[in-house]
Structures are given as structure tokens and as C-alpha cells.
2 protein chains.
Amino acid sequence: MTQTDAPEPPRLLPPQLRRAWGMPQQPGKRGRRPSLELETIVAQAAGLADTGGMASVSLVRLADALNVTTNALYRYVDSREELDVLLREYALADPPLTATTDDWRAATREWAGALRERYLRHPWLADLTLTVPITPNALGWLEALLAALESSPLPAPDILRAATLLDGYVRFQFITQRDLGAWTEHPLSDRDVVEQVAPLIDARGYRRVAALFGAGQYQEPTIATHDADFEYGLERILRGIAG
Amino acid sequence: MTQTDAPEPPRLLPPQLRRAWGMPQQPGKRGRRPSLELETIVAQAAGLADTGGMASVSLVRLADALNVTTNALYRYVDSREELDVLLREYALADPPLTATTDDWRAATREWAGALRERYLRHPWLADLTLTVPITPNALGWLEALLAALESSPLPAPDILRAATLLDGYVRFQFITQRDLGAWTEHPLSDRDVVEQVAPLIDARGYRRVAALFGAGQYQEPTIATHDADFEYGLERILRGIAG
DNA sequence: ACCTGAACACCGTTCAAGT
DNA sequence: ACCTGAACACCGTTCAAGT
């Protein structure tokens, strides 16, 4: 007896995606009612991350903050990995509305600025493993960017590449600034260290790097320079795209 | 009694940097001779990472592979964090020689290609936390890029920003391709899933994303398209920089 | 069906020995 | 000075209960 005439049960999305897409897990089953909502769990996790960074988010601490046992969380989430996916979705909630302007540069700049704000608000967003957008909010951001680029001179096959370039730029630019900032606050950035390293740099013959060190370009970035640096790279990319 | 007339002992670099710069730790002290070399430890760690990814590198497994106790490693390395710094240096060993050409675009392309090869050879390089270059090999790469950009039309204050842009581009471009590739091999990329997600995308009104899905642009990137995608973004950046 | 208690196989790190 | 043994405070995850 073959299986062919038994109608294929509609294959479900993997649970990870199902949850991210907000689909009910086991609709209408009965028994003890859950004491938590998935949303409050994710919100709590985001709160922990906002306060102490991604390093302070663990299932143990999360459960603790929710007054539950660690294991109880596995009723709501399949794994730590899925929690991360949901955290990403949380930070990307309410993607910007599709722009209606004809000025694709302005629309793209607006998009990039909005995404950058998400990173600034939830710096841990940069710590989540980059994944191909397949979840609703991530796709919402992609949709908005595609809309912005629609009036650009780009040929169709280049639009996704340009979108990837822009999305990646916002991300890595934020990371660079964040880590550079962390370094500046770090004891290692003491003038002392720079003075210690300088002769080593000279010894290696890195004269261009030495010049940068000498010019103090490695020190004390301010918010103003942060914004200017962000704009700089974005502008170059826009010009490059415009061809 | 003040401390002022006691000559300040020459402040040493933090041990982390000292080791990365190859300076002897406690020169000439005597006692039991070390059974390991720092270099073999780092090489072994890199080997583990090459084989099983960054996730398979732990002090426990590393010590095991070296036939030592975990704690013994602390004679050579201050912390796991320092091991990561040294791993980065390992992957960036022998930075490219400073280019002598006048063609800054060609030189920059060459630089970017060389860095990309490092990522391809040691994919875990992308998993290490990005830090401000203060170690010899990282600075060597920066020096080479600054040299390449020297004949460009960039004003001096923009050179470091352009360098950051290029360095970041190679990194995030690699990450994007790697993760997209991992996703394509992943069961989630089944045609089934795409078919499952498609109606959800429609329901959200993401018509541009839906078009991409329909066109199959989300599927099966090849090495050829990888190279082409890399070139695409690099070319845009170069054009943007050239102004 | 939910939640707990107990347990497992891992982490990185520290301390008090031994040689 | 090096290395070991033992211990600590953490991880994520699984299983067998209890209600």
C-alpha cells in the first residue's frame, strides 16, 4: 500500500518560523493554561539585553526575571537560537512604511537612518548572527528598501545586491563605531598605550599608520563625528550605486 | 613623601598586547621550562576552528588537543579573550606588501581580494569580535590599504573613513554570503518553505519581496555569483570614493 | 498542557597544592 | 615557573515526575 492517495498533510513551517510569523502553535488544545505569553518573554529578554548587553541574556537569567524555572521556557521557545531570532524580530518591529517619494536617494537615506536608529536603541542587535531575512519584520525592512530603490536607475538584477550592500553598511558601520567607542573608554586607549605602541609601529615600518596615530585620528570620536562618518560612507555608496 | 622623584617604571603594555606584539613575558626568569610554545597553542586553536568552526574552540578542547590540562593554558594566555585576539592575528599573518603602483583602484581591489581570501580560508575570522586594530598584523593590513589609497583623490581626513568602509565591506560581504550559503544548505531553504512563506508575504503586502521570491533570487547562489556580488559592491564603493 | 526538580555535558576561571 | 587536581559559578538542554 502506497502513501500516494493519502492526501499530503499541509507541511507546516518549521516551528521557529511559525512562531516568528505569529502562528498559533497548537491551536485550541486544552489542559493547563500557560502562565506566560511569548511576547512578554521576548520583551523581557530584550530588556535584559538593553540593560546588560547580549552577554547578560541567558535562559537562566531570563527565567529568573520571569519567576519561572529555566525549563519552563522550553514550552515557549524551542531553543536559545529561536530566542535570538525572536529578539531580532523584536528590535526590527514596525518596519518603516514604504516610501512614496520619487527621490530614491532621500528615501534610501531615510531608510538607512531609521535602521541605524534601531541599532543605536538596541545595540545588541549587532550581536545577533546575521541571517537571511525570512521573518516578517526583517522582510518588512527589505520591502521598504526595495521600495526606496525602485525609482533608482538600477537594473533589476542589481537591486537586491544594492539592498544587501546598504543593509550591510548600516550594520558594520554601527559595529565599527561601537567597538571603537568601547575601545576609547577602555584603559587600553590610555595615551600611555598609544605612546607604547608608537615605537613598535615605527619598528615595523608602518609609516602611514604611524602618521594616523600621530595625528590623533585614533582618539576620542564624538557623536558628531559618528554621524559624519556614517553619512560619509552612505554618501559614497549612493554615488557608487547611481553609477 | 611623594612618589614624584621615584622614576616611573616604564609602563608596560597590557599583557594581551605584549603577547600579540611578540614581546617576551618574563625575559630570562628561571625555573621549570614551559612544555608548550604560544605559537603552537594558537596554531592548534586555529586548526580546531578550521575544522569545526569557532564553536568548537574551547579552552577545554584546546588543552585536550595539546595533551595538557585546561588550567595549564593560563600560563600562556590571560583569558579566552586574549586567545581570540591571537587567533585574529594568526589569520591575518603576513599582511600584503605595500603596493607600489599608481593605480589606486587596482591596488585597492587587490587588497580587498587578499583580505577576502583570508576570510574564505578561515571563515571563523568573521566570528571574532571586531576590534580596533592595535595589533601588528591588523595594523599591517591597514598600512597596506592606506598605501593603496595614497594615490587616490581622497583628501587626507577621508582616507581613514574610506579605509574603514572598505575593510568593513569585505567583512560583512563575506558574512552575508556565508550565512546565505548556510541557509541554502539548510532544510529551511526547501522549496517547501519558500512556498509556505510566499502567501504570508503576500498577506503582509510585501509585493516587492514577493517578486524576488517569485524570481528565485533567493535560491542557490553559486561561487560565480559570489564573486560577482563581491565585485559589484566593491566597484560601487570605488566609484563612490572616486567622487 | 504546563511547570518543577534533578541531572547531564559543557563552559571559563581561580586556588592550593605538587615538582 | 610550570602543571595538576579540585572546585566554583555559570551555560543550554533533556527527562521524569507532579498538577
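Reminder, nothing fancy here: chain letters follow the sequence lines and each chain counts from 1.
Between the P atom of C:dC11 and the CG atom of B:Leu83 lies a distance of 13 Å, rounded to the nearest Å. Atom CG of A:Leu38 and atom C1' of C:dA1 are 16 Å apart (whole Å). The nearest whole Å value for the distance from the CE atom in B:Met54 to the P atom in C:dC11 is 13 Å. Note: CG (B:Leu66) to C1' (D:dC3) measures 14 Å, nearest angstrom. Rounded to an integer number of Å, the gap from CZ of B:Arg61 to C1' of C:dA9 is 11 Å. Between the P atom of D:dT13 and the CD atom of A:Glu81 lies a distance of 8 Å, rounded to the nearest Å. Distance A:Leu62 CG to D:dT13 P: 13 Å, rounded to the nearest Å. The distance between atom CG of B:Asp64 and atom C1' of C:dG12, rounded to the nearest whole Å, is 16 Å.
At least one side-chain heavy atom of B:Trp141 sits under 4.5 Å from a side-chain heavy atom of B:Arg118.
Counted by atom type alone, B:Gln177 and B:Arg116 present one or more donor-acceptor pairs between their side chains at under 3.5 Å.
Dashed line: the shortest gap from a side-chain N or O of A:Ser35 to OP1 or OP2 of C:dC2 is not under 4.0 Å. Between B:Arg32 and C:dG18, a side-chain N or O to OP1/OP2 separation shorter than 4.0 Å is absent. Phosphate contact (OP1/OP2 of D:dG12, side-chain N/O of A:Arg80, threshold under 4.0 Å): present. At the phosphate of C:dC3, OP1 or OP2 sits under 4.0 Å from a side-chain N or O atom of A:Tyr76. Residue A:Arg75 places no side-chain N or O under 4.0 Å from the OP1 or OP2 atom of C:dT4. When the side-chain nitrogen and oxygen atoms of A:Ser58 are compared with OP1 and OP2 of D:dC11, one or more of them lie within a distance under 4.0 Å. Within the structure, every side-chain polar atom (N or O) of B:Tyr74 is placed at least 4.0 Å from both OP1 and OP2 of C:dT14.
When the nucleotides D:dC3, C:dG12, D:dC11 are ranked by their closest atom to the side chain of B:Ala72, D:dC3 comes out on top. Nearest nucleotide to the A:Pro34 side chain, out of C:dT4, C:dC2, D:dG12: C:dC2.
A salt bridge links B:Arg178 with B:Asp127: the closest approach of a Lys/Arg side-chain nitrogen to an acidic carboxylate oxygen falls below 4.0 angstrom. Taking the charged nitrogens against the carboxylate oxygens, A:Asp78 and A:Arg18 have no contact shorter than 4.0 Å, which rules out a salt bridge. Between B:Asp167 and B:Arg171 there is no salt bridge, since no side-chain nitrogen of the basic residue lies less than 4.0 Å from a carboxylate oxygen of the acidic one.
Using N1 to N3 plus N6-O4 or O6-N4 for Watson-Crick, or N1-O2 and O6-N3 for G-U wobble, each under 3.5 Å, D:dA9 pairs with nothing. When both distances must be under 3.5 Å, the Watson-Crick or G-U wobble mate of D:dA16 is C:dT4.
DNA chain C is contacted by both B:Asn71 and A:Asn67; A:Asn67 maps to the nucleotide lying nearer its 5′ end (nearest heavy atom per residue).
Residue-level contact check: B:Ser79 touches the backbone only, with heavy atoms under 4.0 Å from sugar-phosphate atoms and none from bases.
Ring planes of A:Phe172 and A:Tyr169: perpendicular class, angle over 60° (limits at 30 and 60°).
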